[in-house]
Amino acid sequence: MARVTASISDIEKAAGVLRGGGLVALPTETVYGLGANAEDPAAVSRIFQVKGRPPSHPLIVHIAGAEQLEEWVQDVPTAARMLAEHFWPGPLTLVLRRGARVPLEATGGLETVAVRVPDHPVALALLSVFGGGVTAPSANRFGSVSPTTANDVRAELGDAVDFVLEGGPCEVGVESTIVDVTGEAPAILRPGGVTREDLEAVLGYPLAVPSTSHVRVPGQHPSHYAPRARVVLVEPEKVIAEAELASGLGHRVGVFLPASSADAPVKAHAVVAVPASPAAYARGLYGFLRELDQRGCDLIVASLPAEEGLGLAIANRLRRAAGPRPTV
Ligand code: TXA
Ligand code: MG
C-alpha cells in the first residue's frame, strides 16, 4: 500500500493556516502534534481550549533546526549544545531559559521553554515553509492516549482542528524525552524516544532516573496517557491468571500478553501480543490501548517491561495509564 503523506501544496496550505492563527495537526516521529504559531498568543490559547488542558501546563516549541535554537532561548549551556547536536532532529526536548520571542501563554507562565526539532519530513517541511516556531502538544484531549496516526487525530479532535497533515504512522510511537538543562546538572523530566543510556553516552555522566513523584506538568500527572478502560499492572507471569480472574467476574478484559507468554492460550475478550522488541512495542503501544478501547474492553491487564532503553518510557506511560483517575 502506498504510504499516505502530505504534498507540498498541503504543507503550504498548513503554513497559511498557522499564519492566519489556526491550528494544524502535524505528524512527528513520536506522536501527532496539535500545532499553532508559537508567537501568536490567541492561537496558542486555542490549543488549550481544544485539548481541554489547563493553561498552566507548558507546551513544546518545535523548530526547523538546531541553528535556530538561540532565537528562542536566553542561552545555550554546553550540555544543551552537545545534546542538540547529537540528537536533533529527533525525539529529544530541551528545557532552557525562555527567550523574549516566546509568549508566556506557551510556557504556562514559566521562565523556561521546552524546544525540539522533530525528525519527520512533513514536520520539518512545515517548519521551514512556515519559518517560525510551532507550539505543539500531542493532538489528544487532555489526559487521554496520544495519537500515532492522522486518523487517530480526526477521531480524537474532529472539526476542532483546522487542518490535518498526513504523515503515516509515527515511527517512534512514544513522546520525546524531556531534559531540563537549566539546573546544575541536566535532569530527565520525562523518559521518551531517546534513551537515558544514549543521553549518558553523549554527556559522559549518569543522569537521574525520572521519578513519578514530580507532579509539576501534565506528562507528570499520575493519570495520563490513559485509555477509557481501567489499566491494571501485574507481574508478567501473573498476566494470564489475572485476566482470566477478571473475565470470570464479568469484565470485558483486554490483555497485553507479554512476549514471554507469547503462545499461551488466554480466555479474554481481546488479546494483544506485546512485541519482543522494545522499539516495536513503543511504536505500537498507543495503538494497542486505542484498539482495546475500540473493542469495548473495560479492563486492560498488562505488565511492565524491563526499565532500560525504551522500556523506561514504555513503563512510564503504562504506569500513568494505570494511575488513579480523577473522581467525577
Ligand atoms: O514527542 C513530543 O514531545 C510530542 C510531539 C508532538 O512533539 N509533544 C508532546 O507535547 O508530548 P505535550 O504537550 O503532550 O507534552 C509536553 C510536555 C509537557 O507535558 C510538559 O511536561 C513538558 O513538555 N514541558 C513543556 N515545557 C516545559 C517547561 N518549560 N518545563 C518543564 N517541562 C515542560
Ligand atoms: Mg501529551
Side-chain angles (χ1 to χ4, degrees), residues 23-36 38 44 47-48 50-63 72-74 87-99 102-120 122-124 126-127 133-148 152-153 156-157 161 165 167 170-183 186-194 210 212 214-221 223-226 282 285-286 313 316-317 320-321:
L23 301 186
V24 171
L26 67 150
T28 81
E29 79 282 33
T30 58
V31 300
Y32 275 70
L34 178 64
V44 171
I47 289 181
F48 291 94
V50 165
K51 274 188 69 94
R53 171 160 160 161
S56 59
H57 291 182
L59 303 175
I60 297 171
V61 177
H62 296 69
I63 58 173
W72 299 93
V73 302
Q74 280 182 28
F87 294 104
W88 283 354
L92 174 70
T93 294
L94 296 173
V95 173
L96 292 141
R97 297 202 302 149
R98 182 179 69 91
V102 184
L104 285 168
E105 282 78 1
T107 69
L110 295 176
E111 286 306 330
T112 55
V113 61
V115 185
R116 90 172 186 105
V117 180
D119 186 15
H120 190 292
V122 172
L124 288 172
L126 176 66
L127 290 166
V134 171
T135 42
S138 49
N140 53 281
R141 306 264 174 203
F142 183 61
S144 75
V145 177
S146 303
T148 50
D152 293 344
V153 176
E156 183 85 24
L157 300 178
V161 47
L165 280 172
C170 300
E171 287 280 321
V172 175
V174 291
E175 294 83 352
S176 60
T177 303
I178 302 178
V179 178
D180 183 349
V181 274
T182 61
I188 296 177
L189 299 184
R190 175 179 75 182
V194 170
T212 46
H214 296 276
V215 180
R216 130 164 225 211
V217 280
Q220 306 292 335
H221 193 275
S223 169
H224 213 80
Y225 313 105
L285 177 64
Y286 291 144
N316 171 276
R317 303 307 188 271
R320 296 209 159 95

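We count ligands from 1, going down the list as the structure has it; atoms in each ligand are counted the same way.
Each of L127, T93, I63, L94 was checked for a side chain to side chain contact (heavy atoms under 4.5 Å, CB included) with V117, and the lone residue meeting it is I63.
Using a 4.0 Å cut-off between heavy atoms, E29 makes no contact with ligand 1 at all. Under 4.0 Å from ligand 1, the heavy atoms of R116 that appear belong solely to its side chain. Of the heavy atoms in P58, both backbone and side-chain atoms come closer than 4.0 Å to ligand 1. The proximity of T107 to ligand 1, defined as any non-hydrogen pair under 4.0 Å, does not occur for either the backbone or the side chain. The side chain of L189, and not its backbone, has at least one atom closer than 4.0 Å to an atom of ligand 1 (non-hydrogen atoms only; side chain from C-beta on).
Using a non-hydrogen distance threshold of 4.0 Å, A136 registers as a contact of ligand 1.
Using modelled atom types, one side-chain atom of R141 and one backbone atom of E156 make a donor-acceptor pair closer than 3.5 Å. For R97 (side chain) and E111 (main-chain N/O), no donor-acceptor pair under 3.5 Å exists by modelled atom type. K51 places a side-chain N or O within 3.5 Å of a backbone atom of N140 that can act as its donor or acceptor partner. The backbone N or O of H224 lies less than 3.5 Å from no partner atom in the side chain of R317, so there is not a single donor-acceptor pair. Side-chain atoms of T177 come within 3.5 Å of backbone N or O of G192 as a donor-acceptor pair.
Against a heavy-atom cut-off of under 4.0 Å, L110 is close to the following atoms of ligand 1: 28 (C), 29 (N), 30 (N). Close approach of ligand 1 to R53 is summarised as follows: ligand atoms under 4.0 Å from at least one heavy atom of the residue are 12 (P), 13 (O), 14 (O), 18 (C). The S138 neighbourhood of ligand 1 comprises atoms 8 (N), 9 (C), 10 (O), 12 (P), 14 (O), with distances under 4.0 Å to a heavy atom of that residue. Each of the atoms 1 (O), 2 (C), 11 (O) of ligand 1 lies under 4.0 Å from some heavy atom of E175.
Residues V44 and A36 share a closest heavy-atom pair of N-CB, 4.2 Å. Closest non-hydrogen pair, P147 versus D152, comes out as CB-CB, 3.5 Å. The shortest non-hydrogen separation linking P27 to L165 is CD-O, 3.4 Å. Between L59 and I47 the shortest heavy-atom distance is CD1-CD1, 4.1 Å. Nearest heavy atoms, V153 versus A25: CG1-CB, 3.7 Å.
Relative ring orientation between Y286 and Y225 is described as parallel, the plane-to-plane angle staying below 30° on a 0-90° scale split at 30° and 60°.
Ligand 1 has an N or O atom lying under 3.5 Å from an N or O atom of T112, backbone or side chain. Polar contact check, T28 against ligand 1: no nitrogen or oxygen pair lies under 3.5 Å apart. Looking at R190 next to ligand 1, an N or O pair under 3.5 Å apart turns up. At a 3.5 angstrom cut-off on N or O pairs, H62 counts as close to ligand 1.
Ranked by closest heavy atom to atom 17 (C) of ligand 1, the top entry among V61, T182, I178 is I178. Checking G193, G192, S176 against atom 3 (O) of ligand 1, the nearest heavy atom belongs to S176. Comparing T30, L96, N140, V172 by heavy-atom distance to atom 5 (C) of ligand 1, the nearest is T30.
With values rounded to the nearest 0.5 angstrom, T30 atom OG1 is found 4.0 Å from R116 atom CZ.
If you look at the Mg ion (ligand 2), the protein N, O or S atoms less than 2.8 Å from it are S138 OG.
In this structure, a donor-acceptor pair under 3.5 Å is present between the side chains of E175 and S146.
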